[in-house]
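Take a look at the structure below.
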Amino acid sequence: MSDEQSTDKPSETIEELEVAIIGAGFAGICMAIKLREAGLDDFAIFEKSDGIGGTWHDHTYPGLVCDVPSILYSFSFELNPNWSHIFSPQPEIKAYAQSCVDKHGIGPFIRNNAEVHSARFDEGTARWHIELADGRKVCAHVMVSGIGGLNWSSTPEIDGQDVFQGEQFHTARWPASFDPVGKRIAVVGSAASAIQITPEIAKTAEQVYVFQRTPNWIFPRPDHEHPPWLKQLFGRM
């Protein structure tokens, strides 16, 4: 039978890896750095978004800061004495994650826009069979999940939502073009994101309404900028 007449399908290409890491947030970045320290380079990080940092890449809403003192928000092997504030903002945290990727050379191991669609463990071969959303397939001895719980939006069904004429969006998908100046804004929820967003947009919005199901206990955030002498002290200690 000639090539033109052949009905045989080309063999499916499957990437073989020792370790497959899901997610390029802080967990995935740390795992990759430690694998390289152990002398293992046969791995890849599969990240669904177009950047690194996990929730610090996906979330960009106004007022987004670290909710623990930043000096505690560093890898033990990559301490950072140069945080600008007690509670540093999102761009600074994402930049720290990128600096760790660059310093430890794990950028080439990161596959962006590579969402994992399914993963199945074959007991017979002791391999993980992973399929990406675009149809690519991966086979790995070990699969490490670095999936976080803060980068998926959950929007409840609200009566009248489909006929509401104004803008509506989840905090996890904050549009860069949105300007709160002079607007009447309703914030649904009063958990961590709302606590950060509400004071920030209230500075310029005409009116902000907060709808909460259960009140939270809230106290002032003792934030201030780190002076140069304090950064030097952190660096020495």
Any chance you could lay out the salt bridge (charged side-chain N to carboxylate O under 4.0 Å, His left out) test for Glu78 and Lys103, step after step, and finish with the verdict? CA-CA 10 Å; Glu78 201 61 60; Lys103 179 177 179 179; 2.9 Å; yes

Short side-chain to backbone donor-acceptor contact, [X] and [Y], under 3.5 Å:
{"X": "Gln161", "Y": "Ile158", "value": "yes"}
{"X": "Asn216", "Y": "Ile218", "value": "no"}
{"X": "Trp56", "Y": "Ile93", "value": "no"}
{"X": "Ser88", "Y": "His85", "value": "yes"}
{"X": "Ser70", "Y": "Ile86", "value": "yes"}
{"X": "Gln207", "Y": "Arg184", "value": "no"}
{"X": "Asp42", "Y": "Glu18", "value": "yes"}
{"X": "Arg136", "Y": "Asp134", "value": "no"}
{"X": "Glu47", "Y": "Ile45", "value": "no"}
{"X": "Asp223", "Y": "Phe87", "value": "yes"}

Just wondering, are more than 12 heavy atoms of other shown residues or ligands nearer than 6.0 Å to CZ in Arg120? yes

Tell me, with the steps shown, if Glu15 and Arg111 meet side-chain contact (heavy atoms from CB on, under 4.5 Å). CA-CA 13 Å; Glu15 183 178 9; Arg111 317 284 174 80; 2.9 Å; yes

Please say which of Glu225, Glu92, Lys231, His226 ends up in a side chain to side chain donor-acceptor pair (under 3.5 Å) with Ser84.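 Between Ser84 and the candidates, side chain to side chain donor-acceptor pair (under 3.5 Å) is satisfied uniquely by Glu92.
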
Residue among His170, Glu200, Gln196 satisfying side chain to side chain donor-acceptor pair (under 3.5 Å) with Tyr61: Gln196

Does a side-chain heavy-atom distance below 4.5 Å link Phe46 with Val138? yes

pair Phe234-Ile71: side-chain heavy atoms closer than 4.5 Å: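 Answer yes - side chains close enough.
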
So if you build clusters from Ile, Leu, Val, Met, Phe, Trp, Tyr with side-chain heavy-atom gaps below 4.5 Å, do Val188 and Ile197 land together? no

Establish whether Met143 and Leu132 are linked, either directly or via other cluster members, by ILVMFWY side-chain heavy-atom contacts under 4.5 Å. yes

Looking at Phe77, is Lys34 sitting on its ring face, NZ or CZ under 6.0 Å from the six-membered ring centre and within 45 degrees of the normal? yes

May I ask you to check whether Phe26 and Phe75 place their ring centers less than 6.0 Å from one another?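 For Phe26 and Phe75, the ring centres are under 6.0 Å apart.
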
Assess whether side-chain contact (heavy atoms from CB on, under 4.5 Å) is satisfied between Ile185 and Phe178, documenting all intermediate values. CA-CA 12 Å; Ile185 303 173; Phe178 179 73; 4.1 Å; yes

Between Phe109 and Asp41, does a side-chain contact (heavy atoms from CB on, under 4.5 Å) hold up when you go through it step by step? CA-CA 9 Å; Phe109 299 90; Asp41 287 337; 4.1 Å; yes

Let me see the working for Ile29 and Ile106 under side-chain contact (heavy atoms from CB on, under 4.5 Å), right down to the final yes or no. CA-CA 8 Å; Ile29 291 171; Ile106 63 171; 3.9 Å; yes

Hydrogens and angles aside, do His104 and Arg36 bring a side-chain donor and acceptor to less than 3.5 Å of each other? no

